[in-house]
Amino acid sequence: MNDVIRRTAGVGVELGVATALAGALVLGQHTVAHAAQTTTFQLPLMKLTQTFGVPSHFNVYLTATVGERPGITTFGVANPSPFGGGSIFDSHARIYWSNSTTGASGVVDVADRETAPRPCDCAPAPVPVFTGAGDIVALAQAGGFAINISAGLGTFTAV
């Protein structure tokens with residue numbers, strides 16, 4: 001009788017350990033962090049702007065970073081325009097985004113000009129937006145005092 005109890009207890013312990021391991025694997029899948037992924041818009045924003053009255057043509061390569069936090073897309077600029085000399089010359093890209101998976105949409109302004117003369121770490125700050133998870137389409141147009149030549153376009157998947 002004691003032998004039967006020991007065998008039953010041994011099977012119960014083995015079954016409990018196997019169940020715990022399987023549960024940890026299944027639950028662990030939900031807590032695995034996704035690595036952040038940055039996508040540069042497939043088409044750059046082309047705009048005409050000025051610095052102290054001198055016109056300049058710029059191609060602005062916008063970026064979208066996903067995966068840092070669930071449902072958050074961080075819009076930024078890969079190649080900011082040079083400092084314009086003052087806040088009156090600051091410009092931005094206006095990004096119209098749409099999540100085709102959820103139907104959510106919105107607009108965000110992202111500074112696209114350096115914030116001070118060189119040498120400095122003066123890139124414009126990226127802007128986080130709750131887009132939700134899904135397939136995102138983003139269209140960028142010139143904002144501020146700039147003139148839009150051609151809109152920028154980016155598509156990516158947010159997690």
Side-chain angles (χ1 to χ4, degrees), residues 20-159:
L21 286 173
L25 288 173
V26 170
L27 292 175
Q29 289 177 358
H30 296 289
T31 59
V32 172
H34 293 278
Q37 181 179 354
T38 299
T39 300
T40 301
F41 281 28
Q42 289 82 0
L43 296 175
L45 166 63
M46 293 191 293
K47 66 181 195 168
L48 184 64
T49 187
Q50 64 176 340
T51 301
F52 295 114
V54 178
S56 302
H57 170 265
F58 287 102
N59 289 335
V60 180
Y61 291 89
L62 297 155
T63 62
T65 302
V66 298
E68 293 175 327
R69 295 181 298 183
I72 302 292
T73 300
T74 302
F75 291 105
V77 179
N79 65 325
S81 302
F83 180 65
S87 61
I88 193 168
F89 298 110
D90 287 344
S91 64
H92 60 273
R94 176 158 285 168
I95 300 173
Y96 300 87
W97 61 267
S98 177
N99 184 327
S100 60
T101 305
T102 66
S105 62
V107 178
V108 62
D109 289 340
V110 177
D112 62 6
R113 192 177 283 261
E114 293 174 346
T115 58
R118 293 266 177 205
C120 69
D121 182 18
C122 51
V127 180
V129 177
F130 183 78
T131 57
D135 295 324
I136 310 292
V137 175
L139 180 74
Q141 294 186 330
F145 293 100
I147 298 170
N148 204 61
I149 295 174
S150 177
L153 177 69
T155 60
F156 53 92
T157 301
V159 291

Is the closest side-chain heavy-atom distance between [X] and [Y] below 4.5 Å?
X	Y	answer
I147	K47	no
W97	F156	no
H92	P124	no
E114	C122	yes
P44	V60	no

Pair V66, T157 - check side chain to side chain contact (heavy atoms under 4.5 Å, CB included), show working.
CA-CA 8 Å; V66 298; T157 301; over 6 Å; no
State, to 0.1 Å, how close [X] and [Y] come at their nearest heavy-atom pair, and which atoms those are.
X	Y	result
T63	T38	CB-CG2, 3.8 Å
L62	A140	CD1-CB, 3.1 Å
P128	R69	CB-NH2, 3.8 Å
A158	G132	CB-O, 3.4 Å
F75	A138	CE2-CB, 4.3 Å

With no hydrogens and no angle check, is any side-chain donor or acceptor of [X] less than 3.5 Å from a backbone partner on [Y]?
X	Y	value
N59	M46	no
S100	D135	yes
T65	Q37	no
D109	I95	no

Run the side chain to side chain contact (heavy atoms under 4.5 Å, CB included) check on T74 and E68 step by step: do they pass?
CA-CA 9 Å; T74 302; E68 293 175 327; 3.6 Å; yes
Nearest 0.5 angstrom please: [X] [atom1] to [Y] [atom2], how far?
X	Y	atom1	atom2	result
D112	N79	CG	CG	9.0 Å
L43	S150	CG	OG	7.0 Å
L139	T155	CG	OG1	12.0 Å

Given the rule in the side chain to side chain donor-acceptor pair (under 3.5 Å) test, do T131 and T73 qualify, once you have shown the distances and angles that lead to the verdict?
CA-CA 6 Å; T131 57; T73 300; 2.8 Å; yes
Between L45 and N148, is a side chain to side chain contact (heavy atoms under 4.5 Å, CB included) present by the stated rule, with each step listed?
CA-CA 8 Å; L45 166 63; N148 204 61; 3.3 Å; yes
Does F41 form a side chain to side chain contact (heavy atoms under 4.5 Å, CB included) with L153? I'd like the steps, not just the answer.
CA-CA 6 Å; F41 281 28; L153 177 69; 5.7 Å; no
